[in-house]
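Heads up, the thing below is written out as structure tokens.
Along the sequence shown, residues are numbered consecutively beginning with 1. Bear in mind the structure is a predicted one, so any value in this text is a computation, not a measurement.
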Amino acid sequence: MPTAVLTDRERTAVQAYLRLLHTVRAAFDVEGGPPLVPPTVLAEAEQALDRAGLTGNEEEFFRLLENWCPPAESPGP
């Protein structure tokens, strides 16, 4: 459940980043060649960051990302 209130543009940037992350992970899972990430997915993430005013402000972006989509807890021993 999201814990931070994001603007529409911030939420769009976070969602675009997560799509990019999942696409990159999937590309590494494919055997038989170098991983390929469609340029449109990368462009979408860059445009969303720019529209949200987060280009060049990675610290703020990753703070938003962590607040909205906290990392999963590691399983105990």
Side-chain angles (χ1 to χ4, degrees):
M1 162 119 359
T3 59
V5 177
L6 298 158
T7 67
D8 288 340
R9 289 181 178 188
E10 290 169 338
R11 185 173 25 264
T12 299
V14 169
Q15 290 170 337
Y17 171 78
L18 292 173
R19 277 191 293 280
L20 175 61
L21 182 64
H22 293 302
T23 301
V24 169
R25 285 181 177 162
F28 276 103
D29 287 342
V30 175
E31 294 183 25
L36 298 175
V37 176
T40 55
V41 177
L42 184 55
E44 175 193 19
E46 289 176 349
Q47 289 170 359
L49 285 170
D50 190 45
R51 282 192 299 269
L54 295 166
T55 299
N57 194 351
E58 290 81 10
E59 185 177 335
E60 175 67 11
F61 172 72
F62 284 109
R63 183 190 62 75
L64 290 171
L65 179 65
E66 184 175 28
N67 286 334
W68 194 70
C69 186
E73 293 184 26
S74 335

- request: Mind listing the closest non-hydrogen atom pair of A45 and L20 along with its distance?
  value: CB-CD2, 4.0 Å
- request: Could you pull out the closest heavy-atom pair between T23 and P38, with the gap in Å?
  value: CG2-CD, 3.7 Å
Among all residues two or more places apart in sequence or in another chain, which pass the side chain to side chain contact (heavy atoms under 4.5 Å, CB included) test with [X]?
X   : result
E46 : L42
A48 : T12, A13, A16, R51
D50 : T55

Q47: partners by side chain to side chain donor-acceptor pair (under 3.5 Å), with sequence neighbours left out: none
query: Are V14 and L49 in one and the same hydrophobic cluster, where Ile, Leu, Val, Met, Phe, Trp and Tyr link if side-chain heavy atoms are under 4.5 Å apart?
result: yes
- prompt: Same cluster for L18 and V24 if Ile/Leu/Val/Met/Phe/Trp/Tyr side chains link at under 4.5 Å?
  reply: no
field: Sequence-distant partners of F62, ring pair (Phe, Tyr, Trp, His ring centres under 6.0 Å), two or more places apart
entry: Y17
field: Interatomic distance, E59 atom CD to L54 atom CG [nearest 0.5 angstrom]
entry: 12.0 Å
query: Got a second to check how far E60's CD is from R63's CZ, nearest 0.5 Å?
result: 4.0 Å
message: Show me the pairs that pass salt bridge (Lys or Arg N to Asp or Glu O under 4.0 Å) and involve residues 8-20, at least two apart or across chains.
response: D8-R11, R19-E44
